[in-house]
Amino acid sequence: MSLLIKNGTVVNADRSFEADVYCESGKIVAVEKGLNAPHGAEIIDARACLVMPGGIDPHTHMQLPFMGTVTSEDFFSGTAAALAGGTTMIIDFVIPNPGERLLDAYHKWRAWAEKSCADYSFHVAITWWDESVHEDMGTLVGDWGVNSFKHFMAYKGAIMADDGVLTQSFPRALELGALPTVHAENGELVDYLQKLLLKKGIVGPEGHPQSRPPKVEGEAAQRVIQIAGILGVPIYLVHNSAIESVDAIAQARGNGQRVFGECLTQHLLIDESVYYDKDWNRAAAHVMSPPFRPSAHQGALWEALSGGILQTTASDHCCFCGDQKAMGQENFARIPNGTAGVEDRMAVLWHHGVNMGRLTTNEFVALTSSNAARIFNIYPRKGVIQKGSDADIVVWDPRRHRKISAETHHQKIDVNMFEGQEVIGSPVYTISHGVVVYADGCLQVTLGAGMYIDRPPFAPYMQAQKLANNTSPHIKVNR
Ligand code: URP
Ligand code: ZN
Ligand code: ZN
């Protein structure tokens with residue numbers, strides 16, 4: 001199977017240049033001007049288009065059992081929707097129930113994900129602690145290609161990891177060469193405020209942001225950054241939505257602490273007013289955590305993206321349809337938390353980022369693909385158009401107009417967070433392992449064609465830690 005993409009402009013995170021891209025057996029084998037197609041090769045004319053690394057969405061939840069229901073999007077439909085939007089790989093989450101062996105949960109999720117039509121990988125959540133968790137973390141890193149572990153500081157009484165769990169898990173991750181990732185919201189405060197609001201008779205969706213104000217996120221971000229700093233462990237904070245958490249990350253990075261941050265496209269564009277919509281269903285459709293914020297926070301998030309404080313964009317794709325959201329009709333705290341975005345993440349970021357002059361095309365590639373590949377240690381296999389990399393490519397037409405709507409999207413959910421938005425710039429072709437899987441509005445996907453992507457551990461962290469602890473008193477790892 002061979003494919004030649006001719007006449008396009010290759011856009012990588014570091015530079016853009018005119019070149020043809022030739023792919024064979026799922027890999028990029030040449031990136032040069034004036035390539036000729038061998039007999040039988042498929043040819044795409046990318047004139048006036050950009051040829052970019054396929055998007056990597058580092059935060060999705062396909063087929064997630066959560067808050068008494070299961071997300072409506074499974075691994076097949078969800079990865080198909082991702083491909084339609086130019087995203088060729090997702091990193092999803094294995095979330096064990098407290099008390100459940102990590103390895104059991106991991107294999108359950110691996111079986112669910114076999115139907116994926118785009119590449120996938122898994123962060124594994126640490127939702128409880130005992131010796132078996134310590135042991136299974138080692139097996140997951142050593143044998144199963146996992147190099148990141150997720151910690152939810154919220155969702156008390158369900159999957160919340162308290163400071164005790166963080167303190168056990170972070171050093172274990174470090175010694176394994178794995179990266180802890182964190183949902184930073186103070187779960188105790190959320191629980192307290194939810195109960196207080198309900199007691200006052202506030203039961204509608206407006207109770208959701210009121211029980212999770214920006215400081216609840218900021219406090220948790222500051223605390224977990226301090227914990228990680230004391231332990232000398234790098235961390236990655238998911239879905240930062242507030243000035244408070246961005247400031248905490250900026251300060252830590254300024255002090256030389258290795259802290260990475262992610263931002264969701266939804267948080268860049270949607271503000272808190274959605275929770276005060278008179279239509280309960282519309283308001284409930286926006287219930288996700290952290291919630292949408294007053295608009296000043298959006299400006300701070302854009303600046304954090306262009307200024308390098310936040311390095312990745314994600315969707316936190318977590319689909320619940322109207323009938324599922326209705327579980328919380330009498331109590332906002334029971335509305336399943338989650339919104340969709342895997343299909344539109346790239347187009348929305350392009351339109352509001354590149355077209356509006358906030359991001360360069362190279363920054364766009366960094367924020368949608370290359371930085372996630374680097375942070376999660378799959379670069380340059382993913383995240384770059386160069387010889388030897390996987391042939392995961394999006395051919396992007398920067399002039400293509402499209403109106404986003406739930407009526408036309410591929411996502412298995414009855415609403416779209418960006419409903420009615422006209423965006424300029426969209427994929428015309430998406431290529432996964434050298435195969436065209438989306439062309440001019442049509443998906444051509446195969447059940448199970450997606451590959452599980454092993455992510456190797458970060459050996460240099462381990463070496464640095466050993467050096468700091470054993471041989472050189474001059475290397476300061478803990479701050
Ligand atoms: O509301 C959200 N974000 N749902 C998915 C679970 C999580 O917190 O990421
Ligand atoms: Zn979360
Ligand atoms: Zn999530």
Side-chain angles (χ1 to χ4, degrees), residues 57-73 78 82 90-97 109 120-127 148-161 166 180-187 190-191 194 205 207-209 211-212 214 216-217 220-221 224 235-242 245 260-268 270 272 274-275 283-293 310 312-321 324-325 327-328 332-342 345 372 376 411 413 415 417:
D57 189 334
H59 188 158
T60 66
H61 302 281
M62 309 302 173
Q63 205 173 324
L64 173 68
F66 191 50
M67 294 185 74
T69 183
V70 180
T71 54
S72 53
E73 189 89 278
I90 60 167
I91 312 183
D92 208 274
F93 293 82
V94 171
I95 307 184
N97 293 315
W109 255 269
Y120 57 97
S121 192
F122 287 110
H123 313 280
V124 176
I126 305 301
T127 55
S148 52
F149 292 98
K150 173 75 177 284
H151 306 77
F152 292 91
M153 296 172 80
Y155 307 123
K156 180 177 159 142
I159 53 176
M160 183 170 107
L166 305 182
T181 76
V182 181
H183 169 138
E185 282 186 302
N186 183 319
V190 171
D191 182 63
Q194 283 177 335
H208 183 67
S211 62
R212 312 177 98 102
V216 161
E217 180 179 330
V224 78
I235 50 164
Y236 175 98
L237 271 65
V238 304
H239 54 39
N240 295 281
S241 72
S245 50
F260 304 107
E262 168 193 284
C263 176
L264 308 185
T265 347
Q266 297 95 304
H267 282 130
L268 289 167
I270 300 169
E272 188 190 39
V274 291
Y275 298 115
H286 290 88
V287 167
M288 67 157 302
S289 297
F292 297 111
R293 304 297 191 190
L310 302 177
T312 62
T313 55
S315 66
D316 195 2
H317 189 74
C318 187
C319 295
F320 297 110
C321 290
Q324 296 174 291
K325 293 279 182 181
M327 291 164 63
F332 69 84
R334 299 223 176 100
I335 301 171
N337 285 205
T339 61
V342 76
R345 176 183 68 116
F376 294 107
Q411 301 171 141
I413 182 167
V415 290
M417 288 295 103

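Order of listing sets the numbers, starting from 1, for every ligand and every atom in it.
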For atom 8 (O) of ligand 1, grab the closest protein heavy atom and report residue, atom and distance to one decimal in Å. Tyr155 OH, 2.6 Å

Identity and separation of the nearest protein heavy atom to atom 4 (N) of ligand 1: Asn337 O, 3.0 Å

I'd like to check which ligand 1 atoms, numbered from 1 as shown, lie under 4.0 Å from a non-hydrogen atom of [X].
{"X": "His59", "value": "9 (O)"}
{"X": "His239", "value": "8 (O), 9 (O)"}
{"X": "Cys318", "value": "4 (N), 5 (C)"}

Measure from the side-chain N and O atoms of [X] to the backbone N and O of [Y], and report whether any donor-acceptor pair falls under 3.5 Å.
{"X": "Tyr236", "Y": "Glu262", "answer": "no"}
{"X": "Lys325", "Y": "Pro336", "answer": "yes"}
{"X": "His61", "Y": "Asp316", "answer": "no"}
{"X": "Glu217", "Y": "Asn240", "answer": "no"}
{"X": "Thr71", "Y": "Leu64", "answer": "yes"}

Around the Zn ion (ligand 3), what protein N, O or S atoms are found below 2.8 Å? His59 NE2, His61 NE2, Asp316 OD1

Closest approach of His183 and Ala154, non-hydrogen atoms and distance?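 Taking every non-hydrogen atom into account, NE2-CB, 3.8 Å.
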
Mind checking whether His286 and Pro209 have side chains closer than 4.5 Å, heavy atoms only?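 Not touching, per the 4.5 Å side-chain cut-off.
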
Are Ser315 and Thr60 close enough that some pair of their side-chain heavy atoms sits under 4.5 Å apart? yes

Near-ring test Phe332/Tyr275, centroid separation under 6.0 angstrom: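 No, the ring of Tyr275 stays outside the 6.0 Å limit from the ring of Phe332, centre to centre.
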
Ligand 1-proximal atoms of Asp316, by part, heavy-atom distance under 4.0 Å: side chain

Side chain, backbone, both or neither: which part of Met288 has a heavy atom under 4.0 Å from ligand 1? both

All side chain to side chain donor-acceptor pair (under 3.5 Å) counterparts of Ser121, not counting sequence neighbours: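 Residues passing side chain to side chain donor-acceptor pair (under 3.5 Å) with Ser121: Arg455.
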
Against ligand 1, does Phe93 come closer than 4.0 Å with any heavy atom? no

Check this for me - ligand 1, Ser289, N or O atoms closer than 3.5 angstrom, yes or no? yes

